[in-house]
*Asks:* 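Handing you a structure now.
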Amino acid sequence: MKYLTYYENGEIISTKDYKEAVEKLKKKNRRETVQKFILHKYIFAFCLDEVEDSSQYSLCKKNGDSLEVYLEKKNVQGNLICKQREEISEEEGNRILKGEIEWMNGDERPLVRDFYLQSILNGLEYSHMMEFEREVYHYEKQDYIVFDRAIRRKVDHYFLECLFEDDVQVRVRRAKTIPRYILNMLVNIEPESEQWAYA
């Protein structure tokens with residue numbers, strides 16, 4: 001399982017400011033450090049009123065140089081964000097979206113089992129899909145700048161634009177290393193590895 005802890009601040013900027021920022025980033029970093037991809041994020045929500053969980057679960061399909069499919073669990077504490085990410089196959093992702101989740105019960109991956117338990121015990125159900133046209137630039141060390149040039153929410157068979165035509169959402173993510181036992185208290189996990197999970 002991959003996990004990441006970072007601080008995030010963001011705002012909306014104009015396309016002109018976005019282009020200027022990208023030029024500066026390219027001059028600062030001579031090596032190729034940009035990822036460009038389309039991210040489809042299938043958001044799941046708790047349907048039971050009595051469930052007060054701050055965790056946000058989603059199934060993500062990241063289509064860039066290759067297709068990546070993964071489950072994501074996100075916890076937000078102010079500006080501090082903790083993410084867990086578990087790679088799954090495209091077929092497994094499609095089965096989850098169809099509501100076929102029985103196979104997840106005996107899976108050896110912790111986040112897959114957690115997703116199953118939340119679905120069965122706490123009514124975790126598919127809510128909606130968000131689409132992001134995203135660029136991620138490595139800034140320095142483990143810090144990244146994320147540009148969303150378009151954000152769309154799927155409603156029935158239509159997409160609603162969430163940004164004005166000349167707007168770009170920019171977010172700065174500053175990696176934060178915290179002791180493992182504190183991370184475990186924040187998100188109730190025991191990470192198996194310390195790999196980064198940016199998307």
Side-chain angles (χ1 to χ4, degrees), residues 1-6 8 10 35-76 81-136 144 146-163 169 171 173 187-193 195-199:
M1 178 170 21
K2 297 179 182 178
Y3 78 97
L4 176 67
T5 307
Y6 59 90
E8 181 176 272
Q35 298 177 51
K36 296 182 180 182
F37 53 89
I38 302 291
L39 178 65
H40 288 156
K41 188 171 273 202
Y42 299 85
I43 312 293
F44 288 77
F46 294 103
C47 65
L48 301 178
D49 293 335
E50 59 270 17
V51 177
E52 295 181 10
D53 195 315
S54 62
S55 301
Q56 301 168 12
Y57 291 83
S58 54
L59 168 67
C60 300
K61 294 185 177 183
K62 178 181 172 183
N63 201 344
D65 295 332
S66 60
L67 177 66
E68 294 178 44
V69 183
Y70 54 91
L71 286 175
E72 180 181 273
K73 181 179 180 181
K74 179 178 174 182
N75 293 80
V76 180
I81 296 173
C82 301
K83 280 186 183 178
Q84 299 170 67
R85 172 176 156 174
E86 193 74 73
E87 301 284 336
I88 61 174
S89 70
E90 186 176 8
E91 179 188 352
E92 289 171 335
N94 292 334
R95 291 178 71 186
I96 291 170
L97 291 175
K98 290 177 185 174
E100 301 171 5
I101 60 170
E102 295 77 18
W103 62 273
M104 303 175 82
N105 185 27
D107 197 277
E108 62 184 19
R109 295 166 289 187
L111 188 55
V112 174
R113 286 195 314 272
D114 178 42
F115 187 96
Y116 174 80
L117 287 174
Q118 296 297 334
S119 300
I120 297 301
L121 299 176
N122 294 324
L124 188 66
E125 292 184 353
Y126 172 67
S127 173
H128 62 280
M129 191 269 275
M130 299 292 294
E131 179 182 82
F132 303 86
E133 290 184 25
R134 181 164 290 181
E135 293 179 14
V136 179
Y144 292 80
V146 179
F147 295 101
D148 287 321
R149 293 184 292 113
I151 303 174
R152 303 177 186 93
R153 179 175 175 146
K154 189 172 184 182
V155 178
D156 295 325
H157 299 290
Y158 303 96
F159 282 94
L160 297 177
E161 296 289 342
C162 300
L163 290 174
Q169 179 176 268
R171 284 168 293 136
R173 295 179 174 177
V187 295
N188 196 24
I189 62 167
E190 185 60 39
E192 295 177 358
S193 64
Q195 302 176 46
W196 299 102
Y198 270 108

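None of the values given here were measured: they were computed from a predicted structure.
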*Asks:* Could you tell me whether Arg173 and Glu8 have a side-chain N and a carboxylate O separated by less than 4.0 Å?
*Replies:*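 Judged by the 4.0 Å cut-off on N to carboxylate O distance, Arg173 and Glu8 do form a salt bridge.
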
*Asks:* Can you tell me if Lys83 and Tyr6 form a side-chain donor-acceptor pair at under 3.5 Å?
*Replies:*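 There is such a pair between these side chains.
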
*Asks:* Mind checking whether Arg152 and Glu133 have side chains closer than 4.5 Å, heavy atoms only?
*Replies:*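 Touching, per the 4.5 Å side-chain cut-off.
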
*Asks:* Give the minimum heavy-atom separation between Arg153 and Cys162, together with the two atoms involved.
*Replies:*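 Heavy-atom minimum between the residues: N-SG, 3.8 Å.
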
*Asks:* If I take atom OG from residue Ser58 and atom NE2 from residue His40, how far apart are they, to the nearest 0.5 angstrom?
*Replies:*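 Separation between the atoms: 13.5 Å.
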
*Asks:* Taking Lys154 first and then Glu131, would you say they form a salt bridge - that is, a charged N and a carboxylate O separated by under 4.0 Å?
*Replies:*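 Judged by the 4.0 Å cut-off on N to carboxylate O distance, Lys154 and Glu131 do not form a salt bridge.
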
*Asks:* Less than 4.5 Å apart, any side-chain heavy atom of Glu90 and any of Leu67?
*Replies:*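 Contact flag for Glu90/Leu67 side chains = yes.
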
*Asks:* Could you give me the CA-CA distance, side-chain angles and deciding distance for Phe115 and Phe44, then say whether ring-ring contact (aromatic ring centres under 6.0 Å, His included) is met?
*Replies:* CA-CA 10 Å; Phe115 187 96; Phe44 288 77; 5.0 Å; yes

*Asks:* Atom OG in Ser55, atom CG in Asp114: separation rounded to 0.5 Å?
*Replies:*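 Nearest 0.5 Å value for the OG-CG distance: 7.5 Å.
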
*Asks:* On a heavy-atom basis, which atom in Asp148 and which in Leu163 lie closest, and how many Å separate them?
*Replies:*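 In terms of heavy atoms, the two residues are closest at O-CD1, 3.6 Å.
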
*Asks:* Give the C-alpha distance, both sets of side-chain angles, the deciding distance and a yes or no for side-chain contact (heavy atoms from CB on, under 4.5 Å) between Ile88 and Arg109.
*Replies:* CA-CA 9 Å; Ile88 61 174; Arg109 295 166 289 187; 3.8 Å; yes

*Asks:* Can you find a heavy atom in the side chain of Arg171 that is under 4.5 Å from one in the side chain of Val136?
*Replies:*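 Counting from C-beta outward, Arg171 and Val136 never come under 4.5 Å.
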
*Asks:* In Å, rounded to the nearest 0.5 Å, how long is the span from CD1 of Ile43 to CD of Glu125?
*Replies:*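 Answer for the CD1-CD pair, Ile43 versus Glu125, is 15.0 Å.
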
*Asks:* With side chains defined as the heavy atoms from C-beta onward, is the minimum distance between Leu124 and Tyr57 less than 4.5 Å?
*Replies:*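 Result yes, sub-4.5 Å side-chain heavy-atom pair found.
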
*Asks:* State the CZ-CZ distance between Phe147 and Arg134, to the nearest 0.5 angstrom.
*Replies:*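 Rounded to the nearest 0.5 Å, the CZ-CZ separation comes out at 12.0 Å.
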
*Asks:* Can you tell me how far NE2 of His128 sits from CG of Asp156, rounded to the nearest 0.5 angstrom?
*Replies:*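 Rounded to the nearest 0.5 Å, the CG-NE2 separation comes out at 13.5 Å.
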
*Asks:* Taking all non-hydrogen atoms of both residues, which atom of Leu59 and which atom of Gly93 are closest, and how far apart?
*Replies:*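 Smallest heavy-atom distance, with atoms named: CD2-O, 3.4 Å.
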
*Asks:* For side-chain contact (heavy atoms from CB on, under 4.5 Å), just list the numbers for Val76 and Lys74, CA-CA rounded to whole Å, side-chain angles, deciding distance to a tenth of an Å, and then say yes or no.
*Replies:* CA-CA 7 Å; Val76 180; Lys74 179 178 174 182; 4.0 Å; yes

*Asks:* Rounded to the nearest 0.5 Å, what separation is found between the OH atom of Tyr126 and the CG atom of Leu97?
*Replies:*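 If I round to the nearest 0.5 Å, the distance is 7.0 Å.
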
*Asks:* Would you call Glu87 and Arg85 a salt bridge, taking side-chain N to carboxylate O under 4.0 Å as the test?
*Replies:*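 Salt bridge present between Glu87 and Arg85.
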
*Asks:* Stepwise, does the side-chain contact (heavy atoms from CB on, under 4.5 Å) test hold for Arg149 with Gln169?
*Replies:* CA-CA 7 Å; Arg149 293 184 292 113; Gln169 179 176 268; over 6 Å; no

*Asks:* Hey, does the Lys NZ or Arg CZ of Arg113 hover above the aromatic six-ring of Tyr116, less than 6.0 Å from the centre and inside 45° of the axis?
*Replies:*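 Verdict for Tyr116: no cation-pi partner in Arg113.
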
*Asks:* Should Cys82 and Leu4 be marked as a side-chain contact (heavy atoms from CB on, under 4.5 Å) after you check the CA-CA gap, both sets of side-chain angles, and the distance that decides it?
*Replies:* CA-CA 6 Å; Cys82 301; Leu4 176 67; over 6 Å; no

*Asks:* Do Ile151 and Met130 come close enough that some side-chain heavy atom pair is under 4.5 Å?
*Replies:*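 The answer is yes; the side chains approach within 4.5 Å.
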
*Asks:* Of all heavy-atom pairs between Ile101 and Ile96, which one has the smallest distance, and what is that distance?
*Replies:*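 Taking Ile101 first and Ile96 second, the nearest heavy atoms are CG2-CA, 4.4 Å.
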
*Asks:* Do NZ/NE/NH1/NH2 and the carboxylate oxygens of Asp65 and Lys36 come within less than 4.0 Å?
*Replies:*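 Here Asp65 does not pair with Lys36 in a salt bridge, since their nearest N and O are not under 4.0 Å apart.
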
*Asks:* Please report the shortest heavy-atom distance between Val69 and Ser89, naming the atom on each side.
*Replies:*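 For Val69 and Ser89, the tightest heavy-atom pair comes out as CG1-O, 3.9 Å.
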
*Asks:* I need the minimum non-hydrogen distance between Glu86 and Val112, along with the two atoms involved.
*Replies:*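 Between these two residues, the closest heavy atoms are CG-CG2, 4.1 Å.
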
*Asks:* Against the six-membered ring of Phe37, is Lys62 placed for a cation-pi contact (under 6.0 Å from the centre, within 45° of the normal)?
*Replies:*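 Yes, cation above the ring, under 6.0 Å and within 45°.
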
